[in-house]
Amino acid sequence: MSASPEDLLRRELAREKAARRAAEELLEQKSLELYQRNAELEREVGMRREIENTLREQAAALVRSNGDLEQFAYVASHDLQAPLRTISGFSQLLVRRNADTLDAESQEFLQFIEDGTKRLHALIQDLLAFSRVSRSNLQPTAVNLQAVVESVCETLKLGPEAAGAEVIADALPDVLADRTQMTLLFQNLIDNGVKFRRKDVPPVVRVRAARHDSTWRIVVEDNGIGIPPEHAERVFTIFQRLHHATEYAGTGIGLPICKKIVERRGGRIWAQAAEPGPGTAFHIEIPVQPPLA
Ligand SMILES: Nc1ncnc2c1ncn2[C@@H]1O[C@H](COP(=O)(O)OP(=O)(O)O)[C@@H](O)[C@H]1O
Ligand SMILES: [Mg+2]
């Protein structure tokens, strides 16, 4: 016997009610999940905000301590010059006045003093140059890098005749930058490229530059002793040298100066192995447009 219309209606209503209850339960469950997810997100946002605050505080502290360091470098190096001149002047006077009476050992000791003061003098000059990099006002103009490299070679007395050292650069472009700082940058990089030469291998330094969209990519590459990859970052820190001054002269301030110049110009610099090696390639990337001062 078929169901009566009332039975059918009742059954349909019951089915509808069950479906509604199921939908309501599902909605309730989804709301709960959403609520939990929301609470989780809020927690995450809170945590992120805390991390951001910490980072901001640390960055501010870093800027402060960098400023302190620069101030210190300037004051210390400036005030160290006078006493150093006194030491050096009097030790030279001693040698001159007593050349006949001083025994060989005393003369040697005085020579040590003289060597020490020379080294200290170089350190002070480089420290002053380092602090000047961030203190000086930048005057961006169109600087022809080819001319910069050529003038650096002249300053460093690098020419075809200079102890076999060769600097190869061809048709380098004009770059909007501060001329003095660009000169200092290339002077330090080329000087290193020639200085850290391999024994019995005439140094060759190549400079190239190319534009990639809104970035200049500059490479200064040499065929010297190379920098082990584990030290590639460390060499940009002040006073970090991989060799003793008796082996290769220097103060360990050149690359920190380069880093500061490039970063002030809104770019970055890093060292990697030359290809093909051995040797070092310094890579520089700077935006075509300098950052606002
Ligand atoms: N072209 C290079 N080839 C090999 N080593 C290098 C080169 N340039 C820099 N270095 C290493 O990085 C150190 C730091 O360089 P820099 O700051 O210019 O100091 P400095 O030239 O006074 O030694 C150098 O002492 C040297 O160990
Ligand atoms: Mg150097």
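Side chains included, hydrogens not; waters and symmetry mates left out as well; all remaining heavy atoms used. Just so it is clear, the structure is predicted and the values come from calculations on it, not from any experiment. Every number for a ligand or one of its atoms is a count from 1 in the order of the listing.
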Determine yes or no for a side-chain-to-main-chain donor-acceptor pair under 3.5 angstrom, with Lys259 supplying the side chain and Ile269 the backbone.
-> no
Locate the shortest heavy-atom distance separating Glu221 from Ala281; write the atom from each residue and the value.
-> OE2-CB, 3.7 Å
Purely on distance, is any nitrogen or oxygen of Gly252 under 3.5 Å from one on ligand 1?
-> yes
Please identify which atoms of ligand 1 are closer than 4.0 Å to at least one heavy atom of Ile225.
-> 4 (C)
Please state which protein non-hydrogen atom is closest to atom 14 (C) of ligand 1 and give its distance, to 0.1 Å?
-> Gln240 O, 3.4 Å
Heavy-atom gap Phe282 to ligand 1 smaller than 4.0 Å | yes
Test item: side-chain donor near acceptor, Gln146 and Glu150, under 3.5 Å = yes
Check whether the side chains of Asp115 and Gln111 place a donor and an acceptor atom closer than 3.5 Å, and report yes or no.
-> yes
Provide the number and element of each atom of ligand 1 under 4.0 Å from a heavy atom of Gly250.
-> 22 (O)
Is Ile124 reachable from Val75 through a run of I, L, V, M, F, W or Y residues, each pair having side-chain heavy atoms under 4.5 Å apart?
-> yes
Taking C-beta and beyond as the side chain, do Phe186 and Asn188 meet within less than 4.5 Å on heavy atoms?
-> no
Measure the distances from the heavy atoms of His231 to every atom of ligand 1 and state whether one is below 4.0 angstrom.
-> no
A student checking ligand 1 against Gly254 at a 4.0 Å heavy-atom cut-off should list atoms 16 (P), 17 (O), 18 (O)
Joint cluster assignment, Leu123 & Phe72, ILVMFWY side-chain distance < 4.5 Å | no
Interfacing atoms of ligand 1 (cut-off 4.0 Å, heavy-atom, Pro256) = 17 (O)
Of all the non-hydrogen atoms in the protein, which one sits nearest to atom 17 (O) of ligand 1, and at what distance?
-> Leu255 N, 2.8 Å
Arg15/Glu12 under salt bridge (Lys or Arg N to Asp or Glu O under 4.0 Å): CA gap, chis, key distance, verdict | CA-CA 5 Å; Arg15 199 176 293 153; Glu12 280 309 312; 3.0 Å; yes
Under 2.8 Å: N/O/S of Asn192 next to the Mg ion (ligand 2) | yes
Among all protein heavy atoms, pick out the one at the shortest distance from atom 18 (O) of ligand 1; state its residue, atom name and that distance to 0.1 Å.
-> Asn192 ND2, 2.8 Å
Record the part of Leu242 in heavy-atom contact with ligand 1 below 4.0 Å; permitted values are side chain, backbone, both and neither.
-> both
Give the numbers and elements of all ligand 1 atoms closer than 4.0 Å to a heavy atom of His243.
-> 27 (O)
Output yes when a side-chain donor or acceptor of Ser88 lies under 3.5 Å from a complementary backbone atom of Leu84, and no otherwise.
-> no
Indicate if Ile238 and Leu185 have the same hydrophobic cluster label, given that clusters are the connected sets of ILVMFWY residues with side-chain heavy-atom separations under 4.5 angstrom.
-> yes
Ligand 1 to Thr251, heavy atom cutoff 4.0 Å, flagged ligand atoms 22 (O)
Counting distance only, does the side-chain N/O of Asn38 pair as donor-acceptor with the main-chain N or O of Leu34 below 3.5 Å?
-> no
Starting from atom 5 (N) of ligand 1, find the nearest protein heavy-atom neighbour and note its residue, name and distance.
-> Ile227 CG1, 3.3 Å
Are Tyr74 and Ile261 joined in one hydrophobic group, where the rule is that I, L, V, M, F, W and Y side chains link up if heavy atoms are under 4.5 Å apart?
-> yes
What is the closest protein heavy atom to atom 3 (N) of ligand 1, and at what distance does it sit?
-> Thr280 OG1, 3.3 Å
Which residue supplies the protein heavy atom nearest to atom 24 (C) of ligand 1, what is that atom called, and how far is it?
-> Phe196 CZ, 3.3 Å
Would a hydrophobic clustering, with Ile, Leu, Val, Met, Phe, Trp and Tyr connected at side-chain separations under 4.5 Å, put Val220 with Val235?
-> yes
Asn188: heavy atom below 4.0 Å from ligand 1, yes or no?
-> no
If you have a sec, work out which protein heavy atom is nearest atom 12 (O) of ligand 1 and how many Å separate them, to one decimal?
-> Val235 CG1, 3.1 Å
Nearest protein heavy atom to atom 21 (O) of ligand 1, by residue and atom, and its distance?
-> Lys195 NZ, 2.8 Å
Under the 3.5 angstrom rule, does the side chain of Arg241 hit a backbone N or O of His243 as a donor-acceptor pair?
-> yes
Measure the distances from the heavy atoms of Ala271 to every atom of ligand 1 and state whether one is below 4.0 angstrom.
-> no
What do we get for Asp222 next to ligand 1 when only non-hydrogen atoms under 4.0 Å count, side chain, backbone, both or neither?
-> side chain
For atom 23 (O) of ligand 1, which candidate among Lys259, Glu247, Arg198, Arg241 holds the nearest heavy atom?
-> Arg241
